[in-house]
Amino acid sequence: MTRTLITSALPYINGVKHLGNLVGSQLPSDVYARYCRAIGHEVMYICATDEHGTPAELAAKKAGQGVEEFCTQMHEVQAELARGFRLSFDHFGRSSSPQNHKLTQYFAGRLAENGLIEEVSEKQVYSNTDGRYLPDRYIEGECPNCGFADARGDQCENCTKQLDPTDLINPRSAISGSTDLEVRETKHLYLRQSKLRDTLDKWISTREGWPVLTTSIAKKWLHDGDGLQDRGITRDLDWGVPVKRGTQEWDGMQGKVFYVWFDAPIEYIAATAEWAEANGHEPAEWQRWWCTDKGADDVNYVQFMGKDNVPFHTLSFPATIMGADDNWKLVDYIKSFNYLNYDGGQFSTSKGRGVFMNQALDILPSDYWRWWLLSNVPESSDSEFTWESFQSGVNKDLADVLGNFVSRITKFCRSKFGEEVPAGGVYGAAEQAVIDQINARLASYNANMAAMEVRKSAADLRAIWAIGNEYLQAAAPWSLFKTDPEASAAIVRFALNLIPLYAALSQPFIPDAAQTMGEAMNVDLSWPQDAAEALQTLTAGHSFSVPEVMFAKISDDARDEMESRFAGV
RNA sequence: GGGCCUGUAGCUCAGUUGGUUAGAGCAGAGCGCUCAUAACGCUUUGGUCGCAGGUUCGAGUCCUGCCGGGCCUACCA
């Protein structure tokens, strides 16, 4: 059996994510996971919250909570939203889990043994008022170059010049505004990625068929300037994975934690261990997904992420895996996405601009969002959410093409033959033509799904839905019924059989509607191998029910109302 | 500054290794149908493929330059 391991980039813990975050990794990975399961792969689909780092601590402080309490609460919020959007994770973990602590420390220990960790003493800005070290961008001051008053320690937004925090005139904490800052000497661990540069370069260069977005970002980092730089993997923070060398203390590193970008990807593995523990499995059950010497050699591993995550997944994490030199499973394919913009600009949490996951579910069911977002996923370039486009996609594709098809044929059957599949008549050339058309589209759909071409898959699916309406229009069972009820019955029987077929094929995109269709037609859904065979599912006498309206249309008034509600300030 | 991506019909996008009349959905127009969520079907109007050169028998596709949009640039994650 084909085994597929799928991970979605980890959403950061500090708040509810917007639709752009959702469509950039979780939603397309869910479609792929559902597809793989449907065609019979053994699937492990993993996601988790990314809980460490300065922003999490600040968000907790703002919420008046301890960081652990805050993360626990926000994890549950995000887990609930994931369920709301029907994200079918096998496990939705937490990067703060004991499993991740252990594994992260283990990897650091292995990397140290293999000479890939370097201790570096460096100068960092410490804020006495805030009681913490400040990352560069949390220090603000006057730009020495252009005089801009609110330049950040890493770069001046006004003149775009790269800065060092010590360059700033009258530096202050961006958190408290305090000017009681001092420069302290502190020791950190660096991952010597530069030693693995040639290995990584060779690896990236030999990846066949990866998205250009993925490889070009990796190559840029590998070859820019002096090439791949070593990277600090520890921080002076309280919340995080304590720095240890495996299970041993690390001299001089007490009180420090690993940097979030070191431990976050390791959580993919740790979350699978969490899954095993949560389900009462032996460790061997997760190891067979991740350890190539323990059964993972035949696993196909696919990662989904937005383009901002690419450097970490093409370089840092592979460096960790390769550097550990320990039979860990390396990724086979990285599917990366561009950004979704909102109505001519960016989504903005602070400005309340755009739709966030919780708001979306308050407005409309998840299938509506899934369909539009997936059929407009930013695959080749950034794409844009507009209410007009959303309304059009929902009303035309879901309500008119699919929903109305189900509605018209089930209601017609009910009124003329009752709520069971009618007997009589035979199929002819028209039915064979439909079978041929569907088989051709099905082949395309399968190929695009396997290739993770999400937009093209959505277009294929829609085309398959449309075939039903074309057939009914041409066959016109309502006219034929007056002169030849038997012939009409055959058409109705054939058309009704399209519903379970559509339901099965639609599952990855709109799982709730697919289930509704399956239940209405009283069948278990299975992925069709061949349309001719699949369209024999419902036989004469099979009972069904007419489903409620599956997709309500979005009115112009409702659209306008939402457009102004989410425009931001 | 550097790097990458991108510019195709009013809108959103397809266009495989350069090969005959550049495609789809939506929007617009006309016709048809009446089973259905005023739904559906058929037909149809829109494009000197950002601009200017070049290579070639042949360029939306390759090369150069210019113009516009976006992203990244390593301590936000």
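The sequence lines fix the lettering, A, B, ..., with proteins before strands; numbering per chain opens at 1. Note that this is a predicted model, so its numbers are computed, not measured.
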Quiz prompt | Rounded distance in Å between the P positions of B:rU8 and B:rC49 | solution = 11 Å
Self-check item: Any residue meeting side chain to side chain contact (heavy atoms under 4.5 Å, CB included) with A:A56, in chain and number order, not counting sequence neighbours
Solution: A:Y12, A:I13
Practice problem: Determine the contact category for A:V260: base if any of its heavy atoms lies under 4.0 Å from a base atom, sugar-phosphate if only primed atoms, P, OP1 or OP2 are that close, otherwise nothing. | Solution: sugar-phosphate
Self-check item: A:F356: partners by ring pair (Phe, Tyr, Trp, His ring centres under 6.0 Å), with sequence neighbours left out
Solution: A:H18
Quiz item: A:F312 and ring pair (Phe, Tyr, Trp, His ring centres under 6.0 Å): which partner among A:F262, A:Y259, A:W261?
Solution: A:W261
Quiz item: When all nucleic acid strands are considered with a 4.0 Å heavy-atom cut-off, which category describes A:T54: base, sugar-phosphate, or nothing?
Solution: sugar-phosphate
Quiz item: Counting just side-chain N and O atoms, does A:R462 come under 4.0 Å of either OP1 or OP2 of B:rC26?
Solution: yes
Quiz item: C1' atom, B:rC51 versus B:rG68: distance in rounded Å?
Solution: 11 Å
Quiz item: Has the side chain of A:N404 got a donor or acceptor that lies under 3.5 Å from a partner of the other kind on the base of B:rA36?
Solution: yes
Quiz prompt | Whole-Å P distance, B:rU17 and B:rU55 | solution = 24 Å
Self-check item: RNA chain B-proximal residues of residues 467-474 of chain A, any heavy atom under 4.0 Å
Solution: A:N469, A:E470, A:Q473
Practice problem: Could you please spell out the steps behind the side-chain contact (heavy atoms from CB on, under 4.5 Å) verdict for A:L134 and A:I175? | Solution: CA-CA 9 Å; A:L134 298 176; A:I175 300 164; 3.6 Å; yes
Quiz item: Excluding sequence neighbours, so at least two apart, what forms side chain to side chain donor-acceptor pair (under 3.5 Å) with A:D167?
Solution: none
Exercise. Using a heavy-atom cut-off of under 4.0 Å over every strand shown, decide if A:F405 touches base, sugar-phosphate, or nothing.
Key: nothing
Where do N or O atoms of nucleotides 2-4 of chain B meet protein N or O atoms at under 3.5 Å, pair by pair?
unit_1, atom_1, unit_2, atom_2, d
B:rG2, N2, A:K220, NZ, 3.3
B:rC4, O2', A:S216, OG, 3.1

Quiz item: Quantified in whole Å, what is the C1' atom distance between nucleotide B:rC57 and nucleotide B:rG46?
Solution: 32 Å
Self-check item: Donor-acceptor under 3.5 Å (A:R231 side chain, A:R192 main chain)
Solution: no
Quiz item: Below 3.5 Å, does any donor atom in the side chain of A:Q124 face an acceptor in the base of B:rC75, or the other way round?
Solution: yes
Quiz prompt | Nearest-Å distance once atom C1' is located in both B:rC31 and B:rG18 | solution = 41 Å
Practice problem: May I have the distance from A:N395 (atom CG) to B:rA27 (atom P), rounded to whole angstrom? | Solution: 10 Å
Quiz item: Is the phosphate of B:rC76, meaning OP1 or OP2, less than 4.0 Å from a side-chain N or O of A:Y259?
Solution: no
Quiz item: Taking only residues two or more places apart in sequence or in another chain, which ones pass side chain to side chain donor-acceptor pair (under 3.5 Å) with A:S127?
Solution: A:D130
Practice problem: Send over the distance from A:K307 NZ to B:rC5 P, rounded to a whole Å. | Solution: 12 Å
Output one line per pair: protein atom, nucleotide atom from nucleotides 12-14 of chain B, and distance, for all N/O pairs under 3.5 Å.
unit_1, atom_1, unit_2, atom_2, d
B:rA14, OP1, A:S380, OG, 2.3

Exercise. For side chain to side chain donor-acceptor pair (under 3.5 Å), just list the numbers for A:W465 and A:S506, CA-CA rounded to whole Å, side-chain angles, deciding distance to a tenth of an Å, and then say yes or no.
Key: CA-CA 9 Å; A:W465 294 340; A:S506 304; 3.1 Å; yes
Quiz item: Which part of the nucleic acid, if any, lies within reach of A:Q391 when heavy atoms closer than 4.0 Å are counted: base, sugar-phosphate only, or nothing?
Solution: nothing
Quiz prompt | Residues forming a ring pair (Phe, Tyr, Trp, His ring centres under 6.0 Å) with A:W369, sequence neighbours excluded | solution = A:F390
Exercise. Could you tell me which residues satisfy side chain to side chain donor-acceptor pair (under 3.5 Å) with A:R441, sequence neighbours excluded, listed by chain and number?
Key: A:D460
Quiz item: If the C1' atom of B:rU48 is compared with that of B:rA9, how far apart are they to the nearest Å?
Solution: 14 Å
Self-check item: Partner set under salt bridge (Lys or Arg N to Asp or Glu O under 4.0 Å) for A:R94, not counting sequence neighbours
Solution: A:E51
Exercise. Using the P atom as the reference point in each nucleotide, state the distance between B:rA22 and B:rU61 in Å, no decimals.
Key: 14 Å
Self-check item: side chain to side chain donor-acceptor pair (under 3.5 Å) partners of A:Y471, counting only residues at least two apart
Solution: A:E431
Exercise. Write out the stems for RNA chain B, ordered by first number and formatted as range with range, counting runs of at least 3 consecutive Watson-Crick or G-U wobble pairs under 3.5 Å.
Key: B:1-7 with B:67-73, B:10-13 with B:23-26, B:28-32 with B:40-44, B:50-54 with B:62-66
